[in-house]
J.: 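The structure's right below; bear with me while I get my questions together.
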Amino acid sequence: AFSWNSLLQALVRARKHRQACDVFRSRLVPACKPDACTYNIVISGFSNAGDIPSALKILEEMKTAGLPPDAFTFNPIIAAQCKAGDLEAATQQFRTMSCSPNVATYTILIGAYCRKSRLDEACQLLSEMRGRGCIPNSITYNVLVDSLCKTGNVDMAQELVTRMIGEGCPPNVVTFNALINGYCKAAKPDDARRLLKLMVTKGIQPDVVTYSTIISGLCKSGRVQEARELLDEMNRAGCRPNAFTYGAIVHGLCRLDKLQEAQEVLHRMEESGCVPDVVIYSSVIHALCKAGRLQDAQQLLRRMRAQRKAPDVVTYNAMIDGLCKLGRLHEALQMLEQMDGAGCAPDVVSYSIIVNGLCKSSKLEEARLVLEKMRGAGCNPDVVTYSSLVDGLSKLGRLDEAREVLEEMKRASCAPN
RNA sequence: UUCACUAGGUGAUCGGCA
């Protein structure tokens, strides 16, 4: 079982879920019975892929096989339910599970409540875990810091960090990175830089995440030159930039309409053997599309394919939007089919782009059909999809129908914003 | 051999500033 578990784990890590499932299902060696670890690995695989029903099915099989599930079994399921936004199901699972929760269980739930700005419940869980002798560790605190930052409570996060030492969990590089990201997202890159200096004085080495985060923050504030200087600085400090680092720079240049320079960075990467990844290509493709340079975008798409980099849903969406904005709806629909055929399932953004394009061309009936089509593909319209429709109808003076769409949203429990 | 933490790319509307 030990060896098979290692193989399964490797497959799950490589996101080869089908193969992992095949290995598990075939029970390749009859003499080798799956143990609790085996089940945990498979359950974790399904959970991470967002397939909660399958995870629950394996959980039942595990019980049937007489193996008692533990926290390692339930944690990935609870995490997946949280990620899907279903805190009620996660909490239900947590309250009814047949084993004791561990620090990870509490950390998952605390982070989820925090990210939904349900701070009271997060605090309740924090004191509950302490009461049960479950001591929050540095990951717990880091999750708190990060989710506070992501909900716009950077000051609260900063305050928590100052208290961490007293709690026996001094801030580490992840803590600082989370906080630095908070300041960057709050458009305060100077505070981020201040923290970079501070962490060094505390003996904590900045890593590639630290630098990439600040570089991205500077770029988002339009300070690409400073970002490039920081890139030099990180090189001098012996920290090798990675795809995130270059991605931030390239995107920053694109946002400033410095498409020429962005493509130069791209070329330099290609030549230096450091092949740009799908994110970097998509970033430039998006910018080219926004500039109406569909030809150039298509050429870059070909170049990325030549580099054996497969376009993903974001790449296609950028292209589809570019086509729509030029009124080339037919080609946009073709590309939607093309991505599907290439094994890249269109998502709610893909369909929304098309819906918006059709609405802008006053093709409301066709837009309606796309809504049906996406539902049929198991992809529910979201608030943006509906907004395009409401806007299209309103601008044509078809206000009654627009109101009807609002009702439809309500029925689909999609809250208007 | 199995669980929880940090960084880059895509869609609507409206408003402010230029």
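Here is the naming used below: chain letters follow the sequence lines, and residue numbers restart at 1 for every chain. Just so it is clear, the structure is predicted and the values come from calculations on it, not from any experiment.
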J.: What I want to find out is whether Lys116(A) reaches Glu121(A) closely enough, with some N-O distance under 4.0 Å, to be called a salt bridge.
T.: no
J.: Name all residues meeting the side chain to side chain donor-acceptor pair (under 3.5 Å) criterion together with Asp382(A); count only those two or more places apart in sequence or in a different chain, and write none if there are none.
T.: Thr385(A)
J.: Within the 4.0 Å limit for protein heavy atoms, which parts of nucleotides 8-18 of chain B are touched? Write it as a string from 5' to 3', B for base, S for sugar-phosphate only, - for none.
T.: BBBBBSS----
J.: Round to a whole Å and report the spacing from CD1 of Ile204(A) to P of rU6(B).
T.: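 After rounding, the reported distance stands at 17 Å.
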J.: For Ile139(A) and rC5(B), give me the distance from atom CD1 to atom C1', rounded to whole Å.
T.: 6 Å
J.: Looking at Phe94(A) versus Phe74(A), is the centre-to-centre ring distance below 6.0 Å?
T.: no
J.: Kindly point out which of rU1(B), rU2(B), rU6(B) is positioned nearest to the side chain of Asn177(A)?
T.: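 In terms of side-chain proximity for Asn177(A), the closest of rU1(B), rU2(B), rU6(B) is rU6(B).
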J.: Is Gln299(A) atom CD crowded by more than 12 heavy atoms from other residues, nucleotides or ligands, each under 6.0 Å away?
T.: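 No, because the 6.0 Å sphere around CD of Gln299(A) holds 12 heavy atoms or fewer from other groups.
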J.: Can you name the side chain to side chain donor-acceptor pair (under 3.5 Å) partners of Asp340(A), sequence neighbours left out?
T.: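 Side chain to side chain donor-acceptor pair (under 3.5 Å) list for Asp340(A), sorted by chain: empty.
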J.: Taking the basic N atoms (NZ, or NE/NH1/NH2) and the acidic carboxylate oxygens, is any pair closer than 4.0 Å for Arg194(A) and Asp191(A)?
T.: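 So Arg194(A) pairs with Asp191(A) through a salt bridge.
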J.: Kindly say whether, by distance alone, the side chain of Asn102(A) makes a donor-acceptor pair under 3.5 Å with the base of rA4(B)?
T.: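 Per atom types, no contact qualifies.
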J.: Separation of Gln9(A) atom CD from rC3(B) atom P, in whole Å?
T.: 5 Å
J.: Between Phe72(A) (CZ) and rC3(B) (P), how many Å, whole number?
T.: 7 Å
J.: Taking CG from Leu8(A) and P from rU1(B), how many angstroms apart are they, rounded to a whole number?
T.: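 The distance from CG of Leu8(A) to P of rU1(B) comes to 15 Å, rounded to the nearest Å.
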J.: I'd like to check the side chain to side chain donor-acceptor pair (under 3.5 Å) partners of Glu128(A); sequence neighbours left out, ordered by chain and number.
T.: Arg95(A), Tyr106(A)
J.: Any chance you could encode RNA chain B as dot-bracket? Rule is Watson-Crick or G-U wobble with both distances under 3.5 Å; [ ] for pairs crossing earlier ones, | for another strand.
T.: ..................
J.: Would you classify Val174(A) as touching base, sugar-phosphate or nothing, given that sugar-phosphate means primed atoms plus P, OP1 and OP2, and contacts are heavy atoms under 4.0 Å?
T.: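 Base contact.
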J.: Could you give me the CA-CA distance, side-chain angles and deciding distance for Tyr141(A) and Val161(A), then say whether side chain to side chain contact (heavy atoms under 4.5 Å, CB included) is met?
T.: CA-CA 8 Å; Tyr141(A) 285 105; Val161(A) 170; over 6 Å; no
J.: For Asp70(A) and rU2(B), what is the distance between atoms CG and C1' respectively, to the nearest whole Å?
T.: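 Taking CG of Asp70(A) and C1' of rU2(B), I get 8 Å after rounding.
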J.: Can you list every side chain to side chain donor-acceptor pair (under 3.5 Å) pair that touches residues 211-220 of chain A, not counting sequence neighbours?
T.: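 The answer is Ser212(A)-Thr245(A).
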J.: Let me know the distance between CG of Leu196(A) and C1' of rA7(B), rounded to the nearest Å.
T.: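 So the CG-C1' distance, Leu196(A) to rA7(B), works out to 14 Å.
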J.: Tyr39(A) has an atom OH; how far is it from atom P of rC3(B), in whole Å?
T.: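 About 18 Å, once rounded to whole Å.
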